[in-house]
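Contents: one structure, followed by commentary.
Lettering follows sequence order; numbering is per chain, from 1.
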Amino acid sequence: MSEATGPAVMTETTVPRFARGTRLQYDRVREVWFIQAPERAFHADPVAAEVLQLVDGTRTLGAVIDLLAEKFAAPRTVIAHDVLAMVAELAEKQVLLHA
Amino acid sequence: MSTPPPPMSLLAELTHRCPLQCPYCSNPLMLDPRTQELGTTEWQRVLDEAASMGVLQVHFSGGEPMARPDLPELVRHAAKAGLYSNLITSGVLIRPESLRALADAELDHIQLSFQDVDPTSADRIANMAGAHAKKLEAARLIAAEGIPLTLNFVIHRQNAEHVPAMLELAEQLGARRVEIAHTQYYGWGLLNRDALLPDRAQIDATTEAVTAARARLAGRMSIDFVTPDYYEDRPKPCMGGWGQRFLNITPTGKVLPCHAAETIPNITFPTVREASLAAIWEDAPIFNLFRGTDWMPQPCQSCAFKEEDWGGCRCQALALAGKADAADPVCHKAPDHGQVMQAIAQRPQTPPPFRYRRFGNA
């Protein structure tokens, strides 16, 4: 899908990637994660930072959810719900695209 | 006073030289000459210091920053320091080779300004023949290179009707963001206020156009909308609070809390040639002058919004009320609010000629 059209819904089979001009960055001064984007940087909460560190342009969201469910020993349905809601919001903000 | 938070963003004004002469330019009336501009190694040191202080984004601006041949070198240096780099440009100096050099230096984003959508009007506002056509070509080159693009339109009484067409142009050119920003009235903008200040009907029409476009373009293009605060009841939180988030460095290395702060009288402006950026941010009198809320007069001091709008804009208070520590006169509670009402009431029916921004024309 091209960057000029609206975001399609991201599902577990979606492979997300960062749009050019956006990235996740650790701020060593404030000791928090930020999403860097055109003319703004917004704070990524710890959950968002865990998810976005696994976004590499090759991994599906299903695989991201599996890894996090294992890492945090949490119910997969709960993790899946949170991850899909978060990526939907970031797709709306033009931070994440379909790879 | 407690230690201030680390700054988020640095506006690096590399030069005041510019091929355009827009009458609302944010540069000061007294422009810095080329001979006194900071050199490449001085800017590189400043970028390193900014990154280590916690600055996340650097905005390379001017004047026209592409007038500096060392721009790609500075962009590369910013990238190595972990800074997100943004180029704020008129676009008239962009060529395929110069753009490629910036892309290779890992420039993250470009903000390209337009004066209007109608070429004749746009070239008249910029006072440069052929400027608009060059900008259209620059936008095409940027899209082809794939660098994320924001289009910036400065709105005033002589182009406000074209806002819907501006939003369409931004969409056609593949911009991810567009800024529809009404002129702010400091410096050159204040000098040209009668030629620029829109009326209430124009404000309402631009607001409607932006609202409709936001609904249509959700998720594809975001729109930043800056209204002229002369028509607001409450002042804007200028710079997110004085000395809270933002640093500006002028071409000659003066460090300021906002780009208009050089108008403030009786204070020494610190420079990166004499002190470190961190020392200036934390200790320089200009930064501590209006930091926090202790400096505030009434009615700000007892106002419920004092930590939302931070008393508004200091430079506007100076320009309109004659005192930088007065309540921003755009606030309906400010003792000097009459100044704003008067400016609106006395706005001439026919806009006077522009007084163009150039060396020696203030």
Toward chain A, the part of [X] with a non-hydrogen atom under 4.5 Å:
X: B:I147; result: both
X: B:T150; result: side chain
X: B:E106; result: neither
X: B:S52; result: backbone
X: B:M53; result: backbone

Q | Pair A:T60-A:E12, side-chain donor/acceptor within less than 3.5 Å | A |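 Distance-only check fails for A:T60 and A:E12.
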**Q.** Donor + acceptor pair across side chains of B:K135, B:S113 (<3.5 Å)
**A.** yes
**Q.** Contacting moiety of A:Q25, where chain B heavy atoms sit under 4.5 Å
**A.** side chain
Q.
Tell me which one of B:T206, B:D229, B:T227 satisfies side-chain hydrogen bond (donor to acceptor under 3.5 Å, both in side chains) with B:H182.
A. B:T206
Q: For the pair B:Q115 (side chain) and B:C22 (backbone), establish whether a donor and an acceptor sit closer than 3.5 Å, ignoring hydrogens and angles.
A: no
Q: Validate the cation-pi geometry between B:R76 and B:W43: distance from NZ or CZ to the six-membered ring centre under 6.0 Å, angle to the ring axis within 45°.
A: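 No, B:R76 does not lie over the aromatic ring of B:W43.
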